[in-house]
Structures are given as structure tokens and as C-alpha cells.
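Remarks on the structure that follows.
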Amino acid sequence: MILMKVAVVGSGYVGLVTGTCFANLGNEVSFIDIDEKKVEMINKGEPPIYEPGLEEMLKGNLSKGRIKATTDYTEGLKNVDVVFICVGTPSNTDGSINLKYVKSAARSIGEALKSIDKYVVITVKSTVVPGTTESLIPILQETSGKKVGTDFGLCMNPEFLREGSAVKDFLNPDKIVIGEYNKKSGDVLEKLYEPWDKKIPRLRVSIKTAEMIKYAQNALLATKISFINEIANICEKIGVNVDDVAHAIGLDSRISPRFLRASRGYGGSCFPKDVKALIAFANSQGYKPKLLEEVNALNERQPYRMIELAKKAIGSLESKKIGILGLAFKPDTDDIREAPSLKIINRLLELKAKVKVYDPKAMKNVKRIFGDKIEYCESKEGCIKDVDTVFIITEWKEFCNEEFLKKVKIPIIDGIGVIRPERANELGLKYYGIGRII
Ligand code: UGA
């Protein structure tokens, strides 16, 4: 039985996961993307991005006839109840959000709506600054010749998916946020989310509120990380292990232990971009968000803490050989967007160090950036051979393995807490951690 018909514009990780999961729950889904190659891949059951569990789910639902992908908006929007806009929102040079893809998707949806005689709810899922979704109304009305609220609906429905566990997160959310233009629009979306456990709160709010919830949530998580990184930097000065402090404060139920892992700073396609976009947005509204500015500034500096630790361990880095383990912005992905590893490699090259790198998944992407300026190793063992020190930047499971760490005789510069300092001491490692003292 088909529950509802859904279209998803944009087949990045948010769009693909959203569409595939809705199909898996029994809805009929059409992906619309301007990239013909992506469309072809989806129709063959090959997801253009890697996300655990996604390929099996995509293949399963293609074979049940619940999924199709197309470049044609009119075909993709035929008979649909809801269309999700999941296109990218890159940053402008000043950190503000660039909405050109969201606007052009709205224009194409509006054009296609002209020939569709149904109450379609247009729903923005891309992360957009408050006011964006409503700013699409004139575009949608002009291109379609129809009226928002009466002829078509409008919603904003943010996502809270983490890369690497996006399918799981989509199916088990802490909350479902529905920002609605009017009740009729929100009711359609609530019906689509009916299969989820009734205990999961459905929050029906205004469109602007939904947009703000997404930014506030990411900004708070980023703030937690910058906060614990600041504490780590202080801990280092006084010989205290930041993990003991984080553990203790995390036991307070008002705080929670999560996102208190001191590190070389946060990376990825979301936190750095979203914090900067929120800062630029606040400024545009005549408010100077000093706390967020420092969250961002500390995060920009934090990767270089690893360089300082290396200097402490081996002195000047000029002509020294450095092994780098972990390039992706976090484990289980090949994504290197805003990865702290990139900043660290650049600085090491400026300091005229010789750099060798290894990552289980992200090598190809890094090669595209650094070419022959650095050496690429086929294994972690190869990467620590004949080097003066090793940086561990990403906590891939294989780098946290004690059997492996025991073999590392050179100084280890730990950027994410791969081993407890007391244990490193017991094993006789030459260990230097961010806020982690032997
Ligand atoms: C993040 C949020 O966690 C998701 O809820 C959100 O939906 C998503 O952004 C988004 O806006 O689309 P993601 O970027 O996939 O998800 O990755 P995270 O697991 O949150 O990690 C981000 C960065 O923070 C990584 O570089 C990680 O190493 C770092 N981090 C995380 C720390 O340094 N310390 C921590 O305690 C936690």
C-alpha cells in the first residue's frame, strides 16, 4: 500500500536519506536532481554518497517500485503530496549563507506547479537562516500563478542527521519539528510522519521558529565543543586531564556527557558553516553575537594546538618527518569538508615539515587538494615508519587500538583522545594530548 507521494529535490546526504527512508516506510518517492549522473546512479541503486545502510535500503525500495529519480520537475512532482527542498546551501566569502540553489529549486517547483492541480506542500529541509522559507513565497506564487496557503502549502522541517548515522537518526529522531505556514500545510506533514512512535514529540511551530531551532541546536553543540576545548587548554597548563573534568560535569543531568570530547576542533559540512551563517545573520539583524564569534574563533585556532604540542615533543618542525593518521572530519566517512586535518597539513608545510598521511577512506579527497606536496601511505603502519612524530587527528577505530598504539615508539600527538593518558603512561607511550596530561 502506498501511503503518500513525496518528491525530494537535491540528492545530497540529507535528500537521499530522507527520500529513501520515506520510501522504506511505504511512501512513493521521486528524487529530482539537475545532475544527470546522480539521477542515473540512484536509478541503478547506487547512492552517490556513502552512508551506512543506505545502499541496501535504496536497492530494496527501487525493486519494490517505490523510488525513481529524474531531472524533470514536472515528471517528479506528478501527483505528489509533499516536495522537500534538500539542496546545498554553500557559504559566501563573508560566512553568510548562499541561497541560490534554494531559490532556483523554488523557481523550478513553481513552474511545474502551474500544470499540477493538487495541494502540494512545499517543504524546506535545507538549513536556511530565519526568513528564508517565507522569502520563497513571491517566487513560488509568481512562477506558479497560484496562492500560498490556499493553492499550495508551505513548511520548514529541519533535519538533525549526523553523517555516518543519518539513516538511524532519521528513523529514531528525538523530535520532529514542523514549521508551518498554516494548519493545513502542517497537517499534511504530520500525516507523513505518522508512522513514527507517538512518544516522539511533534513540534508544530512557525516557519521562522523551525529555521531558528536548527541553527540554535547546531550552535549550542558547537559551543559545547569549543567550551570543552577552552577548558582543555586551561587543563593543559595546570596538569589536569580534561576527560576527568568532562566526565564529572557530564554527570549533571542538566549538562549531559555528550559533545564534551576535547579535540582539535570541530569540522564537517555543518557546524563551521552554520555557526558562521548564524553570526552573519545576527549581524544583519543589528545584533553582534560575541559568544558565537568566540566559539568560531576558538575553533579556528584549535587545530594548531596539535602543532604546539608537536613542538613541545620534538622542537622545531623544520625538515622533520610527520605522520598523520586520520584526515576525514570524523570517523566512518570520507568527508573532508572543513576537516581540521587540512589546516594542520597546511601549517606543517608552511613550517617546512615533511608530511606523510593515512586515512581508511579519505585519501582520494585529500590527494585532490595536496597532490604531490605530501606522501600518501597505504596503511597506518606505513605512515608511522621513519617519522619523528605522529599526529592522530580522527578517532578511526583502528587508530584507537592499543595493540597498534603500543608499537608507536615516537611521540604521539593526540588530537581527539584515542587513549586515556594514564593508560598511555602504563604502556610507556610518548604521549601528548590536548588537555590530556600523562
Ligand atoms: C552535525 C550534528 O551533530 C547533527 O545533529 C546535524 O544534523 C548535522 O551537523 C547537520 O547540521 O546536518 P555532523 O556534522 O555529521 O552532524 O557531525 P558530528 O558528529 O556532530 O561532528 C562534528 C564535528 O565535531 C566533528 O569534527 C567531530 O570530531 C567534532 N566533535 C564532536 C568534537 O570535536 N567533540 C565532540 O565532543 C563531538
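Start at 1 and go down the list; that is how both ligands and their atoms are numbered.
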Distance under 4.0 Å to a non-hydrogen atom of [X]: what atoms of ligand 1 satisfy this?
X      : value
Phe271 : 1 (C), 2 (C), 3 (O), 9 (O), 20 (O), 22 (C)
Tyr13  : 12 (O)
Phe160 : 5 (O), 7 (O)
Ser263 : 32 (C), 33 (O)

Parallel, tilted or perpendicular, as decided by the 30° and 60° cut-offs, for the rings of Phe170 and Tyr193: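 Answer is tilted, since the angle falls between 30° and 60°.
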Parallel, tilted or perpendicular: rings of Phe22 and Trp196 (30°, 60°):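 The rings of Trp196 and Phe22 stand perpendicular, inter-plane angle above 60°.
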Nitrogen or oxygen of Glu395 less than 3.5 angstrom from that of ligand 1: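 No; every N/O pair is 3.5 Å or more apart.
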Do NZ/NE/NH1/NH2 and the carboxylate oxygens of [X] and [Y] come within less than 4.0 Å?
X      : Y      : result
Arg301 : Glu294 : yes
Asp35  : Lys37  : no
Glu395 : Lys330 : no
Glu300 : Lys276 : yes
Glu338 : Lys343 : no
Asp243 : Arg436 : yes

Does [X] have a heavy atom less than 4.0 Å from any atom of ligand 1?
X      : result
Gly268 : no
Arg258 : no
Lys214 : yes

Backbone, side chain, both or neither: what part of [X] comes under 4.0 angstrom of ligand 1, heavy atoms only?
X      : value
Gln217 : neither
Lys330 : side chain
Tyr215 : neither

Lys NZ or Arg CZ of Lys380 over Phe399 ring: under 6.0 Å, within 45°: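 Cation-pi check for Lys380 and Phe399: fails.
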Single hit among Asn61, Thr20, Asn27, Asn24 for side chain to side chain donor-acceptor pair (under 3.5 Å) with Arg66: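 Exactly one pass, corresponding to Asn61.
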Looking only at protein heavy atoms, identify the closest one to [atom] and say how far it is in Å.
atom                    : answer
atom 24 (O) of ligand 1 : Tyr266 CB, 3.3 Å
atom 3 (O) of ligand 1  : Arg162 CG, 3.3 Å
atom 15 (O) of ligand 1 : Glu163 N, 2.7 Å
atom 25 (C) of ligand 1 : Phe329 O, 3.5 Å
atom 37 (C) of ligand 1 : Phe259 CD2, 3.5 Å
atom 31 (C) of ligand 1 : Ile225 CD1, 3.5 Å
atom 34 (N) of ligand 1 : Arg261 O, 3.0 Å
atom 28 (O) of ligand 1 : Arg264 NH1, 3.1 Å

Glu230: salt bridge (charged side-chain N to carboxylate O under 4.0 Å, His left out) partners, not counting sequence neighbours: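 Glu230 satisfies salt bridge (charged side-chain N to carboxylate O under 4.0 Å, His left out) with no residue once adjacent residues are dropped.
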Partner set under side-chain hydrogen bond (donor to acceptor under 3.5 Å, both in side chains) for Arg368, not counting sequence neighbours: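 Here the qualifying residues are Asn365.
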Candidate with minimal heavy-atom separation from atom 8 (C) of ligand 1, of Thr127, Val14, Leu161, Ile416: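 The residue whose heavy atom sits nearest atom 8 (C) of ligand 1 is Leu161.
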